[in-house]
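Accompanying notes for the structure given below.
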Protein chains: 2
Amino acid sequence: MTTKRNRGGDAVSNLLLATFKLNGAFLAAGDKISAPSGLTSARWQVLGTLMWDDMTVSGIAREMGLSRQAVQRIANVLAKENLITFLDNPNDKRAKLASATDEGRKAIQSLAERQHAWANATATGIDPAEIERAVEVMKKVLVASK
Amino acid sequence: MTTKRNRGGDAVSNLLLATFKLNGAFLAAGDKISAPSGLTSARWQVLGTLMWDDMTVSGIAREMGLSRQAVQRIANVLAKENLITFLDNPNDKRAKLASATDEGRKAIQSLAERQHAWANATATGIDPAEIERAVEVMKKVLVASK
DNA sequence: TAAATAATGACAATATATTGTCAATAAGGT
DNA sequence: ACCTTATTGACAATATATTGTCATTATTTA
């Protein structure tokens, strides 16, 4: 006797497909939005994380849900482009603090306008509460999927 | 005067972050599920698309929302591993039909049990209707984001 | 039917991301 | 203090995915 998916299992499977597609679409949109600033979705995300707080690479990875090494690679690229710098971390000799430079902050700020316009446009015609509920469900599934 | 994100725009931005994280978690889960069959998330997805219908590489890409070349690469790998074959397509001399071999079908079937168990387990404790609503919202956003 | 346009796979370059290993450092438990 | 365990960045190998170009084949349009 084989295990069958129940209604919940089917729903999760459909959520999986929807997530893959939406992920691709969001990445494409992000690349379009960030291209004029010389960035990409991935670099924008890492740089954006550093807008308010200096953080270690490992910390960024945890916050973003990516592997440490993926973020490390991006951070090294950003450092080479002088969008971030690494500051000594008094709390850990290994893990320096990544910190956005003025140039990096400018790059992010120049994106904000386009990002806001895109996000607002994308949301038009959809009940915001609906989207917020969807996000809550996704967070639940995220925890349960592990 | 700069454009500010409204509630909908904020919601879409949060959806974006949730989508990225869930995408990563689903890929990790998929790799775990498919590893015992010698597959990965990506290969499983392409192979799975061919369970019922033979399709061209371009067709698979459209269905999956990936680039043509990404699917082409995976399909070539699957062909090399004898999990799919390319059949002549009477309708198009360029685009052969990718078709799952018996070996490929067996690989997918051996995954089904584990996938069902995972999907059911992931869904437990969450109202299926909630997940279904979330999927509908994501589809709406997918269309709007382009 | 002829010509313009689009779709397709091959090929290549590049970006993104995971996994694994290693040595250095940190953190926790005894 | 000591020892075990965990975290971290460097390095490397590999998988995933996009973008661009090209020649070939299909499709649409005039």
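Proteins get letters first, then strands, A, B, ... in listed order; numbering begins at 1 in each.
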So CD1 of A/Ile84 and OG1 of A/Thr101: to nearest 0.5 Å the spacing works out to 8.5 Å
When rounded to whole Å, the CZ to P distance for the pair B/Phe26 and C/dT18 reads 16 Å
note: B/Arg94, atom CZ; D/dC22, atom P; distance rounded to Å ~ 18 Å
Within residues 48-57 of chain B, the residues having a heavy atom closer than 4.0 Å to DNA chain D are none
Exercise. Go through the side-chain N and O atoms of B/Asp31 and B/Ser41 and say whether any donor and acceptor fall under 3.5 Å apart.
Key: yes
request  = Check the pair B/Arg43, B/Thr40 against side chain to side chain contact (heavy atoms under 4.5 Å, CB included), reporting the backbone distance first and the verdict last.
outcome  = CA-CA 5 Å; B/Arg43 292 170 199 190; B/Thr40 59; 3.4 Å; yes
From CG of A/Leu97 across to C1' of D/dT8 the rounded distance in Å is 13 Å
Whole-Å distance, B/Asn91 CG to D/dT24 P, equals 22 Å
Salt bridge or not for B/Glu130 and A/Lys140, using N-O below 4.0 Å? yes
Q) With respect to the phosphate group of C/dT8, does any side-chain polar atom (N or O) of B/Ser58 fall under 4.0 Å of OP1 or OP2? A) yes
note: A/Lys96, atom NZ; C/dA24, atom C1'; distance rounded to Å ~ 14 Å
Computed from five pairs at either end and rounded to 10 degrees, the angle between the axes of the helix from C/dT1-D/dA30 to C/dT30-D/dA1 is 50°
When rounded to the nearest 0.5 Å, the distance separating CE of B/Met138 from CG of B/Leu15 is 6.0 Å
Atom NZ of A/Lys32 and atom C1' of D/dT19 are separated, to the nearest Å, by 13 Å
Between the OG atom in A/Ser99 and the CG atom in A/Asp53, the distance rounded to the nearest 0.5 Å is 10.0 Å
Shortest non-hydrogen pair, A/Asn120 vs B/Gly9, comes out as OD1-CA, 3.4 Å
By nearest-nucleotide position on DNA chain D, the 5'-leaning member of A/Ala28 and B/Pro90 is A/Ala28
Review point. In the single-linkage hydrophobic clustering (I, L, V, M, F, W, Y; side-chain heavy atoms under 4.5 Å), do A/Leu87 and A/Met55 co-cluster?
Key: no
Shared hydrophobic cluster for A/Phe20 and B/Leu22 (ILVMFWY, side-chain gaps under 4.5 Å): yes
Taking it one step at a time, do A/Ser13 and B/Gln115 satisfy side-chain hydrogen bond (donor to acceptor under 3.5 Å, both in side chains)? CA-CA 9 Å; A/Ser13 298; B/Gln115 201 275 341; 3.2 Å; yes
Per-nt protein contacts along nucleotides 10-17 of chain D (heavy atom under 4.0 Å; B base, S backbone sugar-phosphate only, - none) come out as BB---SBS
### Task
Start with the C-alpha gap between A/Arg114 and A/Ser37, add the side-chain angles, then the distance that decides, and say whether side-chain hydrogen bond (donor to acceptor under 3.5 Å, both in side chains) holds.
CA-CA 10 Å; A/Arg114 282 192 300 280; A/Ser37 307; 2.8 Å; yes
